[in-house]
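Remember, predicted model here, so these are calculated numbers, not experimental data. We count ligands from 1, going down the list as the structure has it; atoms in each ligand are counted the same way.
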Amino acid sequence: MAAQTKLSKFVETGRKIIAVGRNYSEHAAELGNAIPSTPILFLKPPSAYITQGQAIKIPKGCSELHHEVELGIIISKRGVDIPENKAYDYIGGYSLALDMTARDFQSEAKKKGQPWSLAKGFDTSCPVSDFIGADKIPNPQDLRLWLKVNGLTKQDGTTKDMIFNIPYLISYISGFFTLEPGDLILTGTPSGVGPVHSGDVIEAGLEDLIAVKFPVELRS
Ligand code: MG
């Protein structure tokens with residue numbers, strides 16, 4: 001299979017999803033969190049992926065499911081300890097992604113010093129768009145990210161505002177996790193996160209390059 005065709009199937013072939021928390025200062029502030037001095041990393045399992053045509057399911061016992069719109073980076077080749085000046089060589093493409101978060105589970109976990117796995121990694125917690133080839137986005141550090149709930153704009157930010165930029169994130173992450181083809185890096189969300197409920201419809205997009213639509217339902 002040609003490399004690009006294979007990467008376009010990252011949802012099926014990718015082996016991990018590495019997410020960065022609090023990478024936009026206004027978002028850190030809106031949740032009352034300090035600006036981090038090093039990237040905050042957490043993982044989602046590949047079973048969290050959904051694509052258009054599927055629904056976001058509110059996990060059992062969750063009363064505060066939040067949307068977070070993020071730029072996703074899709075890794076093209078294996079990389080360990082990647083220097084910042086080589087980081088772009090490892091980007092095969094992009095995806096518009098939602099880091100769906102059970103905020104009540106997360107608040108409880110934070111209080112108890114427990115991991116965020118349940119809050120961030122439940123089934124359907126990683127809705128993604130189709131693959132966008134790297135050639136379509138010459139400057140991923142200057143992209144408008146937007147998200148609407150039931151037609152009302154909730155998030156409208158720019159990737160210019162990341163605290164840790166993309167080369168830094170790739171370099172930092174690859175110092176701990178070997179990056180592999182099809183892996184997805186979620187780069188953090190701008191401000192405006194908030195709750196969604198059963199029956200809501202989330203629409204989100206990256207510039208006018210791509211847009212996605214996902215309904216929200218209760219997990220039955
Ligand atoms: Mg996030």
Side-chain angles (χ1 to χ4, degrees), residues 10-11 14 16-50 56-59 62 64-75 94-110 114-129 140-141 143-149 153-166 168-170 172-173 176-177 183-196 202-206 212 214 216:
F10 69 98
V11 167
K16 59 185 171 299
I17 302 165
I18 302 167
V20 181
R22 299 174 205 161
N23 199 27
Y24 289 76
S25 48
E26 281 181 25
H27 168 62
E30 75 183 343
L31 294 181
N33 291 310
I35 292 173
S37 53
T38 51
I40 297 171
L41 304 182
F42 60 91
L43 297 168
K44 286 178 183 266
S47 50
Y49 275 131
I50 56 168
I56 296 165
K57 305 273 188 167
I58 302 173
C62 171
E64 197 183 4
L65 180 65
H66 275 196
H67 56 76
E68 297 190 358
V69 65
E70 311 204 358
L71 174 67
I73 296 169
I74 297 154
I75 296 298
Y94 301 91
S95 172
L96 178 77
L98 304 180
D99 170 18
M100 297 305 298
T101 303
R103 195 71 72 198
D104 49 348
F105 292 2
Q106 189 192 30
S107 303
E108 199 59 24
K110 280 192 203 166
Q114 293 175 349
W116 296 358
S117 307
L118 203 60
K120 292 283 198 176
F122 58 89
D123 290 349
T124 78
S125 64
C126 193
V128 289
S129 75
Q141 214 68 76
L143 288 174
R144 185 173 159 248
L145 284 169
W146 58 267
L147 180 144
K148 296 178 184 181
V149 178
T153 298
K154 301 289 183 181
Q155 293 188 269
D156 190 353
T158 162
T159 58
K160 280 183 193 168
D161 292 340
M162 286 183 193
I163 296 169
F164 302 106
N165 68 21
I166 293 167
Y168 186 87
L169 290 175
I170 290 175
Y172 182 83
I173 291 167
F176 298 94
F177 298 97
D183 283 352
L184 178 73
I185 296 175
L186 298 180
T187 55
T189 194
S191 61
V193 304
V196 287
I202 298 177
E203 290 170 273
L206 199 55
V212 292
F214 290 98
V216 180

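Summary: OE1 is the N/O/S atom of E68 found nearest to the Mg ion (ligand 1). Closest N/O/S atom of D99 to the Mg ion (ligand 1): OD2. Of all N, O or S atoms in E70, the one lying closest to the Mg ion (ligand 1) is OE2.
Remark: of the listed residues F105, F42, F122, F42 is the sole one forming a ring-ring contact (aromatic ring centres under 6.0 Å, His included) with W116. None of T124, V196, I50 except one satisfies the side-chain contact (heavy atoms from CB on, under 4.5 Å) rule with M100; the exception is V196.
Ring pair Y172/Y168 is parallel by interplanar angle, where below 30° counts as parallel and above 60° as perpendicular.
Inter-residue side-chain proximity for H67 and V216 is flagged as unmet; no heavy-atom pair is nearer than 4.5 Å.
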